[in-house]
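Keep in mind that this is a model prediction, so the values were computed, not measured. In this chain, numbering begins with 1 at the start of the sequence shown. Counting convention: from 1, in listed order, for ligands and their atoms alike.
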Amino acid sequence: MSKILDGIGASEGIGAGRVHILNWGVPDVPHRSIDPEEVAGEEEHLREVFEWAKKRLLDLEDSTEERLGAVEARIFEPQLLMLEDEELIEGAARYIRENRLSAARALDWRLLEIQGKWSRTGHPMVLDRLNDLQDLQVRLLHQLLGLPDPTDVSSLGENVIVVTRNLTPSLTVQFDPSLVLGIAADHGTRTAHWVMLARSLGIPTVCGMGVVSEQAREGQEAIVDGRIGRVVLDPDAHDRRIFRGRETQILAWEEEIETIAQLESITADDQPIALRANLDMPGEAEKARIHGAQGVGLFRTEFLVVGRNQMPDEEDQYQAYKSVAEAFPKQVVTVRTFDLGGDKFPMFLHMPAEENPFLGWRAIRVCLDEPELFRTQLRAILRASAHGDIRIMVPLVNDVEEIRQVRELVQEEEERLTKDGIPFNSGYKLGILVETPAAALEAVELARHSDFFSIGTNDLTQYTLAVDRTSARLAKLFNPFHPAVVQLLSSVSRVAKSAGIEVSVCGEMAANPLGAFLLLGLDITTLSVAWPSLPEVKKMIRSFRMEDARRAAKAAVSAPTSREVVECLVEGISGSVDLSAFSGRWNLPTSK
Ligand code: PEP
Ligand code: MG
């Protein structure tokens, strides 16, 4: 009988295949003492395995660069450095010589020591490094013990559904989307980095499932529906039929979206809506363009720094920004300055251990305290502005003083570029992400100092409702249709309109049918969504009538509960969009 498990639909599409359980855990290393004459051989074995791992990582780096781009390939740098760390290698070699331990046991000890030392700092940045180190630990120990490498996913076979407790970005980038047809994971949220990579690769993914790795068996048939967030194990004839039907529906829909990408982004009553893309990495720009994006509303730049041992240099950044600008020659490309902190920690910054990292040293707060990091980025963005309509967008702004400081720094960098004779576009726009209740309530003042607003509804919802956006357990409480969020959206839109500046939304809400409908009704006519959602959102927009959206939004703004907000929208939208197609994905509450 088929078993149905639900989780978070995190990467679109439907995939059916055979389960491969990816156990990339640390193996049990048996205690083995060695004879004195074995010492030299074990030490040599240890060093050989490090060399092997290095070669493997370099190959991985090359293939990632080829497939996804140079920036994506850099995520392997920290691991390569770890493999050259004499403290690690020599420390293990000493255990072989002095304690007469086998190479595997010696390395196991040394790694446990290092992990213990790092963990004791309690530093969140270290967790990232621990994840990288664990990745290596698994690989090295399996090789030393002569076991098959569980992180070698190059020979998974065809039609594979990867089932796992959790993944890392380095494992995910190795997946070939023509072979790995789906991912089902116990952990992870839509914003986890490996999940973002799975989306970039276009692999249907359901994460945050809690139990899938315990419930699934190797070789079992499985269907992953990344749209509605469902995994079916051992599907019976009935389930197969349903999913084949859905697959056909999706295929038909995909053919349709190619056509839709070419259509104008206008409502049924001819109101133009600017539909831009959110990018996590420069390599996605081309896909966004093909999917019909009218520019980039949010280019997240954290991939340049997260997991890196060194700050990215100006040239690297310039190339990354320029490549996106060149993909959209006559359109807006909004580069968001580093949104570090929260759940994204680079290794080269000494980030303090914090009780509440999302309320801590984050985003613009980090940038203003780290002028070397920030100035380099600003210079790179300015230089890239010579190649297109590049805008600068500052995250997590709470007050005017922060914008003033950013403007001062940008001006100083402009002067330096002018002095050095380096071209840039002095007419660039500088705006802010409105993503805290403070910014929304201070919008009148902030609008005087900003060229545009973009509302980050992911964070705005998190901070307004005090609901951690990364918590799978709280996912149901993370509700952008809460009246408090709706009122803030309405008020920010009004403020921007009367200040004469553009207001857009770049949070996930813009890709939700009810969300897009509400935003249009609130007069927010620029939306930015993850690139795979572009055709679908355009299709929705083309079926909406502005008049209906305005009427529904007016009622929604004064609705007393989330349920009633949604009811107003469902009522207003009915007739133009079939909401049942989205129900699993967005957990859309239905009106009774
Ligand atoms: C947001 O907060 O809504 C947003 C778009 O930014 P991010 O998801 O990167 O925090
Ligand atoms: Mg945000």
Item checked: Atom name in E435, limited to N/O/S, at shortest distance from the Mg ion (ligand 2) -> OE1
Checklist line | Neighbour count above 12 (heavy atom, 6.0 Å) for K287 NZ | finding: yes
Notebook entry, point to check: Taking the side chain from T164 and the backbone from N166, do they hold a donor-acceptor pair closer than 3.5 Å?
Noted result: yes
Next item on the list: Enumerate the atoms of ligand 1 whose separation from the nearest heavy atom of C506 is less than 4.0 angstrom.
Entry: 5 (C)
Item checked: Sub-4.0 Å atoms of ligand 1 with respect to non-hydrogen atoms of G456 -> 1 (C), 2 (O), 3 (O)
Checklist line | Contact atoms of ligand 1, heavy-atom distance to R469 under 4.0 Å | finding: 2 (O), 7 (P), 8 (O), 10 (O)
Notebook entry, point to check: Do any N/O atoms on D459 end up under 3.5 angstrom from N/O atoms on ligand 1?
Noted result: yes
Note to self: Treating Q377 as the side-chain partner and F338 as the backbone partner, does any N or O pair qualify as donor plus acceptor under 3.5 Å?
What the structure shows: yes
Margin query: Quick test of your reading of the model: are E401 and R404 salt-bridged, counting only N-O distances below 4.0 Å?
Written below: yes
Next item on the list: Please answer whether the main-chain N or O of V212 pairs with a side-chain N or O of D186 as donor and acceptor at a distance below 3.5 Å.
Entry: yes
Notebook entry, point to check: What atoms in ligand 1 come closer than 4.0 Å to a heavy atom of R336?
Noted result: 6 (O), 7 (P), 9 (O), 10 (O)
Next item on the list: Classify the contact between E508 and ligand 1 as side chain, backbone, both or neither, using a heavy-atom distance cut-off of under 4.0 Å.
Entry: neither
Check: For ligand 1, which atoms have a heavy atom of L298 less than 4.0 angstrom away?
Finding: 5 (C)
Notebook entry, point to check: Hey, is R391 close enough to E502 for a salt bridge, meaning N to O under 4.0 Å?
Noted result: yes
Checklist line | Mutual orientation of the aromatic rings belonging to H291 and W531 [parallel < 30°, tilted 30-60°, perpendicular > 60°] | finding: perpendicular
Note to self: Taking N, O or S atoms only and a limit of 2.8 Å, check whether D459 reaches the Mg ion (ligand 2).
What the structure shows: yes
